[in-house]
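Here is the structure we will look at.
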Amino acid sequence: MARTCEGPSAAGDPSRSGIDRANASFNAASAYNRLASANAANTLCPTKAACSQRALNLLDQSLASQQDSQISLTGTAEQIAANKSFMLRRTLARSRALQGVAQSGVSDATCGTPSACLTDAAALLSSISVNIPPGDEAPETARLGCEVLDTRWRINRDLGREREYLYVEDLRRLVTSCPSFAASASDQLAAIAFDRAERVKEALASADPAPSVEAALGAITDYRDALRTDRFKLPANRGMGAIYQALSRRDPSGTRTYLENAVKAYGDAAMLSASTPTAEHAADLEHLGVSLLALASVTGTPGSEARTTLAERAAATLQDAVDLAPTPARYARLGEAYDKTGQCTLAIPAYNSALPGLMGTEKVSAVLALSAAYDACGQPDLALQALNQANSAGAVSAEVRYEIGRKEFDKGNFGAALSALRAAEAGLNGPQAADANYMMSVAETITRPSGWQQSALAHAERAVSLNARTWEYNRQACLATILKAGNSVKNGSSLARCPDTGTPEANLLRGMYFLKQAQSMDVSAYNLASQTQWRSVLRAAETAFTRGQEALTDAPEREKFARFDDLQTDVDISARLKQGLTVIQRCNREITLGPQDPAWNDLNAFYGHYGVLKCS
């Protein structure tokens, strides 16, 4: 047909009228467009590009033979309709030819670059107002209108995503008005919605700044639109699960709701993927298990039935994932789930299975979790052993070394604790850094390495600066100040390190500070002022001890004893306050007390340890 219509007896016959030649050229062009769309070898044009270009040339000839402005729009209604239909079909054919040329990517097309060809094609159809009557009333008009919509959306799609609002509207009209195009248009709308949601999901994971919460919720809507098409049900559920997970971390106000939705989405994905390859189904089960774990952590209270039930579901789901396709990460998450259910005996082998395949921070987290699981099972020696083995094997991190130091400290191995904590200190922040400095200060006062007084004080002060609300840190800073002594104690400028909180213990510490200050003073039998100052400091100590005894009268039970870690014992505050007053009496020579007396050893064990038993 193409060869006949363009041949010398049709479009190429100069004796024919312009109308006839225009029709013949149009018919030939339509045939070449069909050849191009078939994308199959033929004898008329060697390539798709050649077919499209030939169609475009023939349409140029058709227009040259009869312009649209030369076509009559008068006469009977049938004639007018036929002429309008011809103009529309020729415009449509030209747009298809331009699109075919653009898609072929040829560089010498008559319409220019691919982008220019597509722009021309879109411009031809953009002004057309498509009216699609019911198919049973005007089937040809309806068919032609649907073809215009179908071609126009494809051309705008090829021009780029910025025209999405245009081609989505045409696709929606195809769904509602063109039954023969509805299925493919619906599928395309689902694909557009899915791709739009996928871009948001990827941006949530990598973009800086990440999309807003509103944009993420918009992506959820797009995924739900994609769910209407079977081929997107599985990936759309996976995508919704991922976005809900991301939202649970970014928007704390809705964490539980987001996680509930993540569980629903990943649960649907896991059901849909049950017949897919094992690795894919295992991945969906893993995501479901992780979502259940996260939901458990914000549901109920620790140990509650609601939280335990979710954790048990998570453990069962992750166990299924491991059984299908074990990976180190899945074993680690399974261990976490068993931890949450209180099943430390199952968590331990899961973590041990995970460790050989993990690297970096994931390995460190698993090591710490394994150690905690051993502790939960009442095996502290294995907990420490796991940390030491990991540290020796290269899983070196400040957190692991901190845990080693903390456990050695709790066991009373202060030299080992000091070594581990010194190695960890530079990599710690926040509460761990404060606690490490506290433990180092205590360990130094016990092991007393070279320069320990200054180091113990520095570490104690660092602990207080990081967390002044923890009284143990303040106590250690006060004791380290007393042990260090020096000019700051002699002149009283460091008294703030022993804060006056009004508790019996705080008064005990301040009294000890004043005793140390009195001991540090230069007192001369020939200098009345020095003696007067010395006695005033002793009176300050006496006042502190007395106030401590008064505070004990109404003090709660927890304030009557205090654990002094550097002494590794609980201190009876009442007894030590009373002994403080005894020390003052001795200094004032009101009583005589020495190593020969039965009470001396106990007095010396406390006040002598801190160097405040001497009077001057």
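- With a 6.0 Å radius and a threshold of 12 heavy atoms from other residues, nucleotides or ligands, Arg157 has its CZ atom above the threshold.
- Atom CG of Asp120 sits about 6.5 Å away from atom SG of Cys111, to the nearest 0.5 Å.
- Here the CD atom belonging to Glu408 is positioned 9.5 Å from the CG atom belonging to Leu387, to the nearest 0.5 angstrom.
- Residue pairs that meet the salt bridge (Lys or Arg N to Asp or Glu O under 4.0 Å) test with at least one member in residues 301-323, sequence neighbours left out, do not exist here.
- Judged as a salt bridge (Lys or Arg N to Asp or Glu O under 4.0 Å), the pairs with a partner in residues 243-257 (not counting sequence neighbours) are, in order, Arg256-Glu260.
- In this structure, the salt bridge (charged side-chain N to carboxylate O under 4.0 Å, His left out) partners of Asp150, at least two apart in sequence or on a different chain, are Arg154.
- The closest donor-acceptor contact from the side chain of Asn261 to the backbone of Tyr244 lies at 3.5 Å or more, if one exists at all.
- With sequence neighbours excluded, no residue forms a side-chain hydrogen bond (donor to acceptor under 3.5 Å, both in side chains) with Asp570.
- Note on residues 178-193: pairs passing side-chain hydrogen bond (donor to acceptor under 3.5 Å, both in side chains), not counting sequence neighbours, are Asp187-Arg231.
- Side-chain N/O atoms of Thr341 and Gln343 include a donor and acceptor closer than 3.5 Å.
- Looking only at atom types and distance, the side chain of Asp158 has a donor-acceptor partner in the side chain of Gln99 under 3.5 Å away.
- Under the 4.5 Å side-chain criterion, counting only non-hydrogen atoms from C-beta, Met271 is not in contact with His281.
- Listed by first and then second residue, the disulfide bond (SG atoms under 2.5 Å apart) pairs involving residues 243-325 amount to none (not counting sequence neighbours).
- Residues forming a salt bridge (charged side-chain N to carboxylate O under 4.0 Å, His left out) with Asp225 (at least two apart in sequence, or on another chain): Arg228.
- Side-chain contact between Val442 and Gln476: present, with at least one pair of heavy atoms (C-beta onward) separated by less than 4.5 Å.
- The side-chain tip of Arg238 does not point at the ring of Tyr266 from less than 6.0 angstrom away and within 45° of straight on.
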| query | For Lys233 and Asp230, what are the C-alpha separation, side-chain angles and deciding distance, and is it a salt bridge (charged side-chain N to carboxylate O under 4.0 Å, His left out)? | reply | CA-CA 5 Å; Lys233 283 184 178 178; Asp230 285 347; 3.2 Å; yes
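- Using a 3.5 Å distance cut-off with no hydrogens or angles, the side chains of Tyr402 and Glu425 do not pair a donor with an acceptor.
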| task | For Thr470 and Asn467, run side-chain hydrogen bond (donor to acceptor under 3.5 Å, both in side chains): C-alpha distance rounded to whole Å, both residues' side-chain angles, the deciding distance at 0.1 Å, then the answer. | result | CA-CA 6 Å; Thr470 300; Asn467 185 1; 2.9 Å; yes
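- Taking the ring centroids of Phe409 and Phe414, they lie under the 6.0 Å cut-off.
- In this pair, Tyr223 and Phe194 present their aromatic rings perpendicular. The plane angle is above 60°, beyond the 30 to 60° band.
- In this structure Tyr167 satisfies the ring pair (Phe, Tyr, Trp, His ring centres under 6.0 Å) test with no other residue, sequence neighbours excluded.
- Of the possible donor and acceptor atoms, none in the side chain of Glu169 sits under 3.5 Å from a partner among the backbone N and O of Leu166.
- Pairs engaging residues 202-271 under the disulfide bond (SG atoms under 2.5 Å apart) rule: none recorded [sequence neighbours left out].
- A side-chain donor-acceptor contact under 3.5 Å links Ser455 and Glu444.
- Residues Tyr473 and Asn437 bring no donor and acceptor atom of their side chains to less than 3.5 Å of each other.
- Identified under the salt bridge (Lys or Arg N to Asp or Glu O under 4.0 Å) test for residues 365-390, with sequence neighbours left out: Asp375-Lys407, Asp381-Lys411.
- In this view, Asp410 and Arg406 satisfy the salt bridge (charged side-chain N to carboxylate O under 4.0 Å, His left out) rule, not counting sequence neighbours.
- No donor-acceptor distance shorter than 3.5 angstrom exists from the side chain of Arg96 to the backbone of Thr151, with no hydrogens or angles considered.
- Taking Asp435 as the reference, nothing meets the salt bridge (charged side-chain N to carboxylate O under 4.0 Å, His left out) condition, with sequence neighbours excluded.
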